[in-house]
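FYI, the numbering just counts along the sequence from 1.
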Amino acid sequence: MAEVPHFVLYEHAVGYALFKVKEFEDAGLIVPEVDEALSNVAKFSTIVNLVAFDPFKNTEAALENCNAISEGMAHHDLVRFLEENLPKKKKKTIVGLNDGKLASALVEAIPDLKPTFGGVITEILRGIRVHFEALAKNLPHHSLSKAQLSLGHSYSRGKVKFDVHRVDNMVIQSIALLDQLDKDINLFGMRIREWYSYHYPELYKIVGDQYKYVKCAVAILDRNKSSEDPELAAKLMEIVEDEDKVNEIIEASRTSMGMDISELDLMNIEKFASRVASLTEYRQRLHGYIKDRMNSCAPSLSALIGEQVGARLISHAGSLTNLAKYPASTVQILGAEKALFRALKTRTNTPKYGLLFHSAFIGRASAKNKGRISRFLANKCTIASRIDCFSDVPVSTFGEHLKAQVEERLRYFDTGEVPTKNVEAMKAAEGEAVEAREKVLKKRKKAAKKAKKSVGEVEAMEADEEPPKKKGKKIEEELAEVAVEASGKKKKSKKGKAEAMDED
């Protein structure tokens with residue numbers, strides 16, 4: 001159980017509050033007494049008493065302090081507040097805190113401080129949170145909830161800040177969709193082959209590629225009518241791009257052993273095959289999208305191990321920041337967690353690689369060197385992910401140099417040729433990266449100018465299309481004139497009627 005504190009620090013949206021805790025003769029009595037007083041403000045007020053309160057200067061200062069506390073860092077405002085309000089002899093003073101990371105950070109900032117957390121401190125802070133309005137009577141209570149809401153919005157907005165040039169969330173969703181599409185396309189491709197093979201079984205052996213098979217099936221459909229279609233050979237030539245195969249397909253369609261099927265069945269086969277072909281084409285476009293996103297999000301990692309393997313690593317880690325925080329040993333077996341725990345349970349050899357197995361470097365290495373190159377590649381992936389994550393303008397230069405280092409290490413395992421040192425490679429990469437960053441910044445500026453121009457053109461077009469509006473005063477004056485004229489006409493008509501009556 002944690003020690004009974006003399007003071008408790010409470011962080012509120014409007015500022016820091018320091019509460020003095022009542023002294024107890026027996027430390028074991030405080031827990032039941034706090035539990036009983038949680039529901040009663042009067043009882044709880046006898047346990048804690050507000051000693052000092054330091055409000056934040058503005059919302060920016062509140063957000064800075066909130067971010068620092070969430071990351072376990074001691075902000076200078078908090079350090080100053082504690083130094084001013086705690087007793088001068090701090091060695092024997094115990095201060096209760098809500099977070100262990102913040103406690104260690106405060107010990108570094110104020111060496112004489114004796115912070116503690118957990119145990120009864122959690123219950124005391126819960127009571128302060130519930131009864132804060134009653135304990136801090138001098139504060140304007142109507143603004144406390146507004147301050148909490150405002151700080152919550154600012155903090156959340158900062159955490160989910162949208163960066164156009166570093167969108168790892170889009171990469172995670174895209175690679176998950178790509179994996180799902182691969183499974184679905186393979187399943188649908190097998191289904192269409194099995195279905196269409198009732199009618200034309202020989203096509204399966206002639207055309208091995210799944211996408212080409214589906215397109216050929218849509219082009220041929222009824223094999224009995226293949227001789228009647230003069231454009232069939234040209235269609236098949238566009239798909240297969242081999243004249244001998246086209247002749248073989250047409251010849252096999254005439255002598256096929258397949259059964260005849262109805263027009264309705266062929267129509268359904270055509271619709272399904274067209275959907276499978278469109279899914280395959282979309283899969284290719286999605287791969288290009290992932291490539292572009294990875295080049296803007298993690299260019300060094302993409303240059304090192306490829307877009308798909310890099311995207312899978314980011315997806316498995318949860319984000320690029322999480323991947324950058326992992327050590328090389330974790331990156332090496334990322335994706336092989338089941339095999340690792342099974343090996344630990346059965347006391348057998350642990351896995352040498354996880355998702356990195358899909359990299360071309362692992363396949364090129366000999367059997368005895370696969371573990372070595374996997375460990376080396378994981379080390380370089382960790383460096384590349386950290387460079388991509390924490391650099392302002394990420395470029396692919398570092399990834400290219402890291403890839404060259406892996407190539408040299410492969411040659412070293414085969415021939416014994418000594419590779420270049422990492423320090424020399426990074427110095428060369430840093431020199432090339434300066435020019436690459438300048439080019440990236442120029443491209444971004446040009447893109448921003450184009451976007452502004454396009455927005456200006458759209459606004460100008462909308463302004464030209466809108467009819468000119470009359471001012472409110474002019475409209476009112478015109479309406480008044482119309483009303484006056486109408487009343488004058490009415491008066492004239494009344495006079496005319498009265499004169500006519502007099503004459504009669």
Side-chain angles (χ1 to χ4, degrees), residues 160-189 209-215 239 273-324 331 334-335 354-361 381 384-400 402-403 436-437 439-455:
V160 296
K161 192 174 181 180
F162 186 78
D163 187 358
V164 178
H165 302 291
R166 194 174 296 167
V167 208
D168 51 356
N169 290 327
M170 304 300 159
V171 172
I172 291 167
Q173 297 298 330
S174 302
I175 197 66
L177 178 59
L178 188 73
D179 292 340
Q180 188 64 43
L181 275 176
D182 286 337
K183 291 177 185 177
D184 293 344
I185 288 167
N186 287 331
L187 183 65
F188 294 154
D209 184 67
Q210 188 168 275
Y211 177 66
K212 289 181 179 179
Y213 177 88
V214 171
K215 296 290 283 183
I239 299 164
S274 301
R275 291 291 177 88
V276 175
S278 64
L279 271 178
T280 309
E281 290 163 4
Y282 173 67
R283 193 255 177 215
Q284 293 171 357
R285 292 196 299 272
L286 183 65
H287 181 265
Y289 169 75
I290 291 172
K291 189 175 179 180
D292 292 340
R293 275 294 175 206
M294 281 296 291
N295 286 332
S296 62
C297 174
S300 293
L301 191 64
S302 302
L304 177 59
I305 54 169
E307 293 82 14
Q308 283 199 34
V309 182
R312 285 192 175 92
L313 285 174
I314 292 171
S315 177
H316 201 83
S319 68
L320 182 61
T321 308
N322 290 349
L323 183 65
V331 175
L334 207 63
L355 292 168
L356 290 179
F357 180 75
H358 299 289
S359 174
F361 298 114
C381 286
S385 61
R386 288 170 184 173
I387 290 169
D388 288 331
C389 182
F390 300 113
S391 57
D392 295 329
V393 185
V395 291
S396 61
T397 313
F398 292 98
E400 291 164 3
L402 291 170
K403 185 178 180 181
R437 287 193 191 102
K439 288 180 181 178
V440 171
L441 289 171
K442 283 180 181 178
K443 284 182 181 178
R444 287 184 185 179
K445 285 180 181 178
K446 285 182 180 178
K449 285 181 180 178
K450 284 182 181 179
K452 283 182 180 180
K453 282 184 180 179
S454 61
V455 169

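The structure places SG of Cys389 at 11.0 Å from CG of Leu301, a figure rounded to the nearest 0.5 Å. Between the CD1 atom in Ile172 and the CD1 atom in Ile290 there is a gap of 11.5 Å [rounded to 0.5 Å]. For the atom pair CZ (Phe398) and CG (Asp388), the distance works out to 9.5 Å, reported to the nearest 0.5 Å. A distance of 5.0 Å separates CG of Asp168 from SG of Cys297, quoted to the nearest 0.5 Å. For the atom pair NE2 of His287 and CG of Leu181, the computed distance is 12.5 Å after rounding to the nearest 0.5 Å. Of the inter-residue distances, the one linking Ser315 atom OG with Leu178 atom CG reads 11.0 Å to the nearest 0.5 angstrom.
For the ring-ring contact (aromatic ring centres under 6.0 Å, His included) test, residues two or more places apart in sequence or in another chain that qualify with Phe188 are Phe272. Scored by the side chain to side chain donor-acceptor pair (under 3.5 Å) test, Ser174 finds no partners at all (sequence neighbours excluded). With sequence neighbours excluded, the residues that form a side chain to side chain contact (heavy atoms under 4.5 Å, CB included) with Lys215 are Tyr211, Ile239, Ala277, Glu281. Every side chain to side chain contact (heavy atoms under 4.5 Å, CB included) that Ala273 has, sequence neighbours left out, goes to Ile192, Val214, Val218. Scored by the salt bridge (Lys or Arg N to Asp or Glu O under 4.0 Å) test, Asp182 finds Arg283 as partners (sequence neighbours excluded).
Looking only at side-chain heavy atoms (C-beta outward), Leu334 and Leu356 stay at 4.5 Å or farther from each other. No side-chain heavy atom of Ser396 sits under 4.5 Å from any side-chain heavy atom of Asn295. Side chains of Asp292 and Tyr289 form no contact here, defined as non-hydrogen atoms less than 4.5 Å apart.
Annotation: Phe357, atom CZ; neighbour count of heavy atoms from other residues, nucleotides and ligands within 6.0 Å does not exceed 12.
Not a single donor-acceptor pair under 3.5 Å links the side chain of Gln210 to the backbone N or O of Thr280. Side chain of Ser319 to backbone of Asn322: a donor-acceptor contact under 3.5 angstrom is found.
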Using side chain to side chain contact (heavy atoms under 4.5 Å, CB included), reason through Ile175 and Ile314 one step at a time and then give a plain yes or no.
CA-CA 10 Å; Ile175 197 66; Ile314 292 171; over 6 Å; no

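Note on residues 307-324: pairs passing salt bridge (charged side-chain N to carboxylate O under 4.0 Å, His left out), not counting sequence neighbours, are Asp179-Arg312.
Nearest heavy-atom pair across Ser296 and Pro394 is O-CG, 4.2 Å. Thr397 and Ala436 get closest at one heavy-atom pair: OG1-CB, 3.7 Å. Taking each heavy atom of Ser359 and Val309 in turn, the nearest pair found is N-CG2, 4.3 Å. Between Ile185 and Leu279 the shortest heavy-atom distance is CD1-O, 3.7 Å. In terms of heavy-atom proximity, Ile387 sits nearest to Ser300 at CG2-OG, 4.3 Å. Across every non-hydrogen atom of Ala311 and Met294, the tightest pair is N-CE, 3.7 Å.
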